[in-house]
Q: 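Please see the structure below; I have some questions.
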Amino acid sequence: MSGSAHPMDGEGELSAADMSSPRQRNTPFVHKVEVPPKQNLFNEFMYTFKETFFHDDPLRHFKDQSLSKKLMLGLQSVFPVFGWGRNYNLKMFRGDLIAGLTIASLCIPQDIGYAKLAGLDPKYGLYSSFVPPLVYAFMGSSRDIAIGPVAVVSLLLGTLLRAEIDPTTSPNEYLRLAFTATFFAGVTQVTLGFFRLGFLIDFLSHAAVVGFMGGAAITIALQQLKGFLGIKKFTKKTSIVAVLQSVFSSAHHGWNWQTILISISFLIFLLVCKFIGKKNKKLFWIPAVAPLLSVIISTFFVYITRADRKGVKIVNHLDKGINPSSLRLIYFSGDYLAKGIRIGVVSGMVALTEAVAIGRSFAAKKDYQIDGNKEMVALGAMNVIGSMTSCYVATGSFSRSAVNFVAGCQTAVSNIIMSMVVLLTLLFLTPLFKYTPNAILAAIIINAVIPLIDVNAAVLIFKIDKLDFVACMGAFFGVIFASVEIGLLISVGISFAKILLQVTRPRTAILGKIPRTSVYRNIHQYPEATMVPGVMIIRVDSAIYFSNSNYVRERIQRWLIDEEEKVKAVSLPNIQFLIIEMSPVTDIDTSGIHALEDLYKSLQKRDIQLVLANPGPVVIDKLHVSNFADMLGYDKIFLTVAEAVNSCCPKHSDEV
């Protein structure tokens, strides 16, 4: 069939007015379902390949352009800065400057805490907010995303690394494995972007991400109880049971009241600042500068009171200077290479999922487009370069990106401003962090991860799709009761299970005629729709493949048996025609065709005629090539359900 588009739950019938005209009622004219022209095998393959990997037609901008223009466009595709940089002005810089300074004040204390979460020295958190943002500013396409270490990826990386190496007994090997994992996280991201395989991250559904993030947030918050309460001996496990056992077992002798006082006081301060920022958007800077202000005040307080001598744990020495080279520390051979690749792939995929989701979210708010595959290349490149400059896995931070957005950022220059502030901190200010209490870092991290627990999103998921909610809760409980990697596996597993369930068990529906129209719809959705005596109309809402062909055939036969029992009970005419509405069936394979053949032969034995309505071009072509159309008869294949019913029993089709 050519030249017509059909809705997923309809048949493309003529309007009620058209069908009610004398010509349409009395003329036996029936539209023929056309078999599309045979496509060249190469052209068909190229079309499928393009739709799979190049559906957005990335080369469309290069058409009809001069060689110099093509070179410039090619340069801009790799380095978007050459595109927006030509129109950059002082007004835009003013917005970027304010935003950059604001997110810098937020990132510095967060970076120190996140590095400890990953089991690394605090300076590596600062290193990771210096080099990666600079690389992203030149290669990234998002104007709003703020780059740096994030809580979830830091926790995941630290958990996976500690499963291989104990950082206390083998700190050098631990650090080398962290850089190796970061390198291969970047390689994974670049590979996915370069080969346009970004659709793979879509297999982690939104519901699974909500559950995983929520569980990770609670796990991160529980991990901070060590610094929050001043506990010296703390479990290395991340499950909620192990953490709470460790907390309460040390309640009588391991808690430090001075540490608890600092933690609670500043956590309340941070939460109040966040509340003020939410109530008045113009005061966005208050929750943004609150963490840095908390660090300054608490550090000064510990220094003048020497609380560190009374059991309050502090950061201690923090090296001055910019990132040293770490290329020689990356494992390119040996036993740790495979472990580094595995950890890098997992952490890289999670970092990618978070960054792309954040970028798309803020791009939608400002009504511009970002290229997901280019984003992956940019994120991967910055992590590859970062691994060679003493950085661990960096990605887009939701909290910093939100602040960046509200602060009025215009371009990625805000990342450069933030990076320069971090540079100045590394060069001149790191000694000032010596007396910073670990308690304030714990309070800052707890405050930062609270928004990751999105209860409203979970409630909405429950209302919309119960299976999605199962995926959400599976990921959530997997993280908090087992581990981060188990929660991740559960979320991916349930997401795949949902896809398989939807593919192997497609929906089917019985259709009835809407009164005074020629429209046929689901009788459960439209109770006023009535069935035509002697005719059963079933719609299959999916492509028919090997994975679901037997189910579709058996489900249609069950519908038929149930309907036959009903009509016998009320003495109505027996079913003589079974019409399958095919418009939602986008494709069919050999197993699907065999299922239709089996159904056809089964119906023949029961004196029931199989009729097809509105098969699409791909489906009718395969039915034609397989000779099933000849077996069924082209006079039993109709353009619409209305024409099929009219042909089967014209009297009843007009009366219903």
Side-chain angles (χ1 to χ4, degrees), residues 8-11 13 33 503-514 519-585 588-589 591-615 619 623 626 628-629 631-633 635-638 640-653 655-656:
M8 283 301 291
D9 65 344
E11 308 80 26
E13 298 93 336
V33 177
V503 170
T504 58
R505 294 295 182 267
R507 295 181 184 274
T508 56
I510 298 178
L511 305 186
K513 185 179 180 182
I514 304 294
V519 176
Y520 291 80
R521 292 291 184 271
N522 189 334
I523 60 173
H524 295 292
Q525 184 179 1
Y526 298 91
E528 71 274 17
T530 54
M531 297 179 62
V532 179
V535 179
M536 185 169 188
I537 309 166
I538 296 178
R539 188 184 69 221
V540 180
D541 292 336
S542 167
I544 304 176
Y545 290 129
F546 65 92
S547 58
N548 63 21
S549 57
N550 285 327
Y551 170 80
V552 170
R553 175 177 54 79
E554 292 169 1
R555 190 69 188 93
I556 290 173
Q557 289 175 327
R558 286 202 304 274
W559 280 123
L560 190 59
I561 292 170
D562 292 344
E563 191 60 29
E564 285 180 325
E565 292 176 352
K566 290 179 184 178
V567 298
K568 285 180 181 178
V570 294
S571 301
L572 287 174
N574 291 332
I575 302 297
Q576 296 175 301
F577 298 93
L578 173 64
I579 301 174
I580 301 181
E581 213 295 69
M582 302 281 285
S583 62
V585 181
I588 191 169
D589 65 2
S591 298
I593 293 172
H594 285 312
L596 289 181
E597 289 175 352
D598 293 341
L599 179 63
Y600 171 75
K601 293 173 183 177
S602 173
L603 294 176
Q604 288 289 94
K605 295 175 183 178
R606 296 157 65 180
D607 293 325
I608 299 175
Q609 177 62 55
L610 177 63
V611 178
L612 303 181
N614 195 20
V619 174
L623 296 180
S626 66
F628 177 75
M631 178 192 298
L632 180 64
D635 60 333
K636 298 299 184 293
I637 303 176
F638 296 89
T640 67
V641 170
E643 289 183 356
V645 174
N646 190 52
S647 176
C648 296
C649 45
K651 180 181 177 182
H652 288 299
S653 70
E655 289 176 353
V656 176

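The figures here come from the full heavy-atom set of this structure, side chains too, leaving out hydrogens, waters and symmetry mates. All residue numbers in this chain count up from 1 along the given sequence.
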Q: Measuring only between side-chain heavy atoms, which start at C-beta, is Pro506 closer than 4.5 Å to Asp541?
A: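 A side-chain contact under 4.5 Å is absent here.
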Q: Looking at side-chain heavy atoms only, is the closest gap between Val611 and Val535 below 4.5 Å?
A: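 Contact flag for Val611/Val535 side chains = no.
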Q: Tell me, do Phe628 and Ile588 make a side-chain contact under 4.5 Å, heavy atoms counted?
A: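 No, too far: nothing below the 4.5 Å cut-off.
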Q: Can you give me the closest heavy-atom contact between Tyr545 and Ser591, atom names plus distance?
A: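 Closest heavy-atom pair between Tyr545 and Ser591: C-CB, 4.5 Å.
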Q: Is atom CZ of Arg507 surrounded by more than 12 heavy atoms (other residues, nucleotides or ligands) closer than 6.0 Å?
A: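 Open: at most 12 neighbouring heavy atoms sit under 6.0 Å from CZ of Arg507.
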Q: Can you name the closest pair of heavy atoms from Pro615 and Met582 and give their distance?
A: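 Looks like CA-CB, 3.7 Å.
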Q: Do Gln576 and Cys648 come close enough that some side-chain heavy atom pair is under 4.5 Å?
A: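 Result no, sub-4.5 Å side-chain heavy-atom pair not found.
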Q: Which atoms form the tightest heavy-atom contact between Val503 and Ser547, and what is the distance?
A: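 Smallest interatomic distance, heavy atoms only, reads CG1-OG, 3.2 Å.
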Q: Starting from the C-alpha separation in whole Å, work towards a yes-or-no answer on side chain to side chain contact (heavy atoms under 4.5 Å, CB included) for Leu623 and Leu596.
A: CA-CA 10 Å; Leu623 296 180; Leu596 289 181; 4.1 Å; yes
Q: Does any part of the side chain of Gln609, heavy atoms only, come nearer than 4.5 Å to the side chain of Tyr600, both counted from C-beta?
A: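 Answer yes - side chains close enough.
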Q: In the structure I gave you, are the side-chain heavy atoms of Val641 and Asn614 within less than 4.5 Å of one another anywhere?
A: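 A side-chain contact under 4.5 Å is absent here.
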Q: Identify the heavy atoms of Glu643 and Thr640 that sit nearest to each other, and give their distance.
A: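 Reported closest heavy-atom pair: N-OG1, 3.0 Å.
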Q: Using a 4.5 Å cut-off on heavy atoms from C-beta on, say whether the side chain of Met536 contacts that of Ile510.
A: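 Of all side-chain heavy-atom pairs linking Met536 with Ile510, at least one is under 4.5 Å.
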Q: Determine, step by step, whether Val540 and Ile556 satisfy the side chain to side chain contact (heavy atoms under 4.5 Å, CB included) criterion, reporting the C-alpha distance in whole Å, the side-chain angles of both residues, the deciding distance to 0.1 Å, and the verdict.
A: CA-CA 9 Å; Val540 180; Ile556 290 173; 4.3 Å; yes
Q: Quick one: closest heavy-atom pair of Pro527 and Gln525, and the distance?
A: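 Looking at all heavy atoms of both residues, the shortest contact is CD-O, 3.5 Å.
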Q: Taking the side chain as C-beta and beyond, is there a heavy-atom pair between Ile537 and Met531 under 4.5 Å?
A: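 Side-chain contact under 4.5 Å: no.
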Q: Run Val532 and Tyr520 through side chain to side chain contact (heavy atoms under 4.5 Å, CB included) and show every step you take.
A: CA-CA 10 Å; Val532 179; Tyr520 291 80; 4.2 Å; yes
Q: Quick check against the 3.5 Å criterion: does Asp589 have a side-chain atom that pairs as donor or acceptor with the backbone of Ala543?
A: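 No, because the side chain of Asp589 does not come within donor-acceptor range (under 3.5 Å) of the backbone of Ala543.
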Q: Measure across Arg553 and Ala595 and return the closest heavy-atom pair with its distance rounded to 0.1 Å.
A: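 So the minimum-distance heavy-atom pair works out to CD-O, 3.4 Å.
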Q: Under the side chain to side chain contact (heavy atoms under 4.5 Å, CB included) criterion, do Leu560 and Arg606 qualify, and how do the steps go?
A: CA-CA 11 Å; Leu560 190 59; Arg606 296 157 65 180; 3.7 Å; yes
